[in-house]
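Position 1 is the first residue of the sequence; numbering continues from there.
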Amino acid sequence: MTVNFFDQLSSNLNQLLKNSNEYNVIIEVGQGPDIQAFKVHSIILNSRCLYFKDKLDAITYNNNNVKIIKQPNISIEVFNIIIKYIYCGSISLENINASVIFKLLIASNEFRLEELIKHVQSFLLENNASWLRLNFSRVYQTSFKDNNLKDLQQFCANIIAKHPNIIFDSDEFLSLPENILIFILKLDNLQMDEGKIWDYTIKWGVAQNPSLPPNLDRWSDEHFSVLKSSLQECLPLIRYFQIPGEDVFNKVKPYQKILDPNLWDDIMLKFMAPNSPITSRVLPRRVNLSSTLPSRDSNISIVDNDLSKIESNKASELRKSGDSYRKIGEYKKSITDLTKSLEIEPNNAFALRIRGESYRKMGKYNESLADFNKSLEIEPNNAFALGGRGNTYRVMGKNNESLADFNKSLEIEPNNAFALGGRGNTYRVLGRYNKSLADLNKALEIYPNGIALGTRGDTYRLMGKYDESLADLNKSLEIEPNNAFALMFRGITYRTIGKYDESLADLNKSLEIEPNNASALSGRGATYRLMGKYEESLADLNKSLEIRPIDSWTLKERDQTNRLLKK
């Protein structure tokens, strides 16, 4: 029987790294004035890292019989982690900032450390998805530089599919590398009208050829040929037969010359004789996700076959399924799986944090607070957990505590759109509307999303700006048609301007999605009262107060309804 003593081996090699005995390589890391020299050994570098093996083969020894490698693009903090991994085969990421972990992933990829790439990529996706979303531009550009980061590519693909305007409306779109545009056009679940996809593709192609005349009427056949050449890999990926007729004539026809003549004939045939056979290749219709992903939290699924293989541990699988259930609004199932996960690993901060989110969505605020508190005992500087607890404090009416958590979260990650949106929401509740708008505007600049738009819409309502309010809420619901909070806020706005039927419709739909939302229940109760439906009003207000007993506004509404019932 073979016995392995890896721990002692790792410890001995760690001492060798610390003491630098008989080193023959110096790796200079960082940029002045922050440069650190690591004294290491060629025999270990050669055996553990092909990148350094190639580097060392290309360098000669100096007069002191030492080879010097310079790595100015790698930070000292990141290289400390990498060199320890190379020597000892060990790594711990739990207490490291997400931005450092991402730099570690980039460095691991540069050094071709495949084992480390897989581990760091998996850790980021499971534990730092919010940071990845907040830094999306940087993340997706990095992930598509080569094919070593396929899990990260899939993560980005999920976001792009659901929120394509993040790419198409960005300042960087026209300079997007062709391989990324091709990847996006291939997505069967890209949530964008095909006519708009055509528009953006043409804009990109024109931008690659700045010599093309700005006025299309002045284009020659040669100009169209130049554009066709630039788009030769993109044009076959457009779903032409899903473009509405009006868009075909207004948008596609002006560029008819860049299409294969047979394809154009088939497009025309589709409109003039829809039952006639066509010879052109017909790509499948893109899948509409809105009907299959109803929850306001249906942001990103990070589960795929590779991650499942890496994370075969039962607790990890339960955490993933619990998080997935949360994202589609199945909060009871989420809590069940996360509780089982925590029975195996009681101090997993991620599982506690996600269960805290699910408890809050169910209106179980004390349980939510307990989970967030425990999660923050384990990871005191987790910006996402601080933001989550801030949201729970707010719905419990503890606005000062809520504000303190959001402030701390934003000290850690100043550009965290989630925390900015949450703090803006708390400012809204406190009546500090200008501060609320400032935070929400900044959050929307960083990461346009339906939740922040909905919150800003309600802030506008409270400021008496009803047109701006409805504009934001309508836009929010275009992005996320089943966003329970945006529906609730729009329902309240409709009630404020006297549109009670529209108010009731929105609040009913909001409560179908999240039945235990105390604010939506009290909002519908107020609408029922104004419609003269006092019994229904009282039922909603009572249920709201069961969930959130100390709510002065709801208590006043119930008093008014009771008085009207007694008349």
Side-chain angles (χ1 to χ4, degrees), residues 296 390-391 394-397 399 402-403 406 417-445 447-514 517-531 533 537 540-541 544 547-548 551-558 560-561:
R296 68 187 279 264
N391 279 325
R394 183 182 62 249
V395 295
M396 294 176 78
N399 296 316
S402 172
L403 207 55
F406 283 123
F418 166 80
L420 282 163
R423 188 171 70 176
N425 203 354
T426 301
Y427 278 138
R428 176 188 64 85
V429 174
L430 287 166
R432 298 163 73 175
Y433 303 134
N434 288 329
K435 282 186 172 291
S436 173
L437 283 181
D439 273 353
L440 292 165
N441 288 338
K442 187 174 180 182
L444 286 163
E445 286 174 11
Y447 180 51
N449 67 90
I451 298 170
L453 277 166
T455 307
R456 189 173 70 177
D458 196 54
T459 302
Y460 278 135
R461 176 188 69 84
L462 292 164
M463 296 173 78
K465 298 182 177 183
Y466 303 124
D467 290 337
E468 292 91 334
S469 171
L470 285 174
D472 267 357
L473 293 165
N474 288 337
K475 189 174 181 182
S476 170
L477 288 162
E478 285 175 13
I479 298 169
E480 295 182 41
N482 293 299
N483 184 320
F485 280 79
L487 285 162
M488 176 186 73
F489 289 145
R490 190 172 70 175
I492 294 170
T493 302
Y494 277 138
R495 186 189 70 231
T496 305
I497 61 176
K499 294 187 174 184
Y500 302 137
D501 289 332
E502 292 89 337
S503 170
L504 193 59
D506 273 353
L507 291 164
N508 284 340
K509 189 173 180 182
S510 175
L511 285 161
E512 285 174 13
I513 299 165
E514 293 197 357
N517 186 309
S519 297
L521 284 162
S522 59
R524 189 171 68 176
T527 299
Y528 274 138
R529 178 180 62 78
L530 291 166
M531 297 175 79
K533 298 182 177 183
S537 172
D540 272 351
L541 295 167
S544 176
I547 299 167
R548 197 165 60 198
D551 187 285
S552 58
W553 188 87
T554 307
L555 287 165
K556 287 178 184 177
E557 282 293 314
R558 187 171 68 174
Q560 279 187 281
T561 303

Undergrad: If I take atom CD1 from residue I451 and atom CG from residue L444, how far apart are they, to the nearest 0.5 angstrom?
TA: 11.0 Å

Undergrad: To the nearest 0.5 Å, how far apart are CG in D506 and CZ in R524?
TA: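 So the gap between those two atoms works out to 12.5 Å.
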
Undergrad: Which heavy atom of S510 sits nearest a heavy atom of A484, and at what distance?
TA: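 That would be OG-O, 2.7 Å.
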
Undergrad: Do you know the tightest heavy-atom contact between R428 and Y433?
TA: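 Heavy atoms of R428 and Y433 come nearest at O-CE2, 3.4 Å.
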
Undergrad: I want to check something: taking the side chain as every heavy atom from C-beta on, are E557 and S522 in contact at a cut-off of under 4.5 Å?
TA: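 In short, these two side chains do not touch, never coming nearer than 4.5 Å.
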
Undergrad: Can you tell me if T493 uses its side chain to pair, donor with acceptor, with the backbone of F489 under 3.5 Å?
TA: yes

Undergrad: What's the spacing between L521 CG and L511 CG if we round to 0.5 Å?
TA: 4.5 Å

Undergrad: Within a strict 4.5 Å, meaning less than it, do heavy atoms of the L403 and R432 side chains meet?
TA: yes

Undergrad: Given Y460 and L437, is the side chain to side chain contact (heavy atoms under 4.5 Å, CB included) satisfied, shown in steps?
TA: CA-CA 8 Å; Y460 278 135; L437 283 181; 3.9 Å; yes

Undergrad: Within a strict 4.5 Å, meaning less than it, do heavy atoms of the L473 and R461 side chains meet?
TA: no

Undergrad: Out of curiosity, R394 CZ to N425 CG, how far, rounded to the nearest 0.5 Å?
TA: 3.5 Å

Undergrad: According to salt bridge (Lys or Arg N to Asp or Glu O under 4.0 Å), who are the partners of R495, at least two apart in sequence or on a separate chain?
TA: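 Partners of R495 by the salt bridge (Lys or Arg N to Asp or Glu O under 4.0 Å) criterion come out as none, since no residue qualifies.
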
Undergrad: Less than 4.5 Å apart, any side-chain heavy atom of T496 and any of I492?
TA: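 With C-beta onward as the side chain, the pair touches.
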
Undergrad: Decide yes or no for N482 and K509: does some side-chain heavy atom of the first lie under 4.5 Å from some side-chain heavy atom of the second?
TA: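 Side-chain contact under 4.5 Å: yes.
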
Undergrad: S519 vs R548, test: side chain to side chain donor-acceptor pair (under 3.5 Å). Steps then yes/no.
TA: CA-CA 9 Å; S519 297; R548 197 165 60 198; 3.0 Å; yes

Undergrad: Taking the side chain as everything from C-beta on, heavy atoms only, tell me whether Y494 gets closer than 4.5 Å to L470.
TA: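 Yes - at least one pair of side-chain heavy atoms lies under 4.5 Å apart.
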
Undergrad: What's the separation between atom CG in L430 and atom OG in S402, rounded to the nearest 0.5 Å?
TA: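 Result: 8.0 Å between the selected atoms.
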
Undergrad: Report the distance from atom CG of N434 to atom CE of M463, rounding to the nearest 0.5 Å.
TA: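 It comes to 5.0 Å.
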
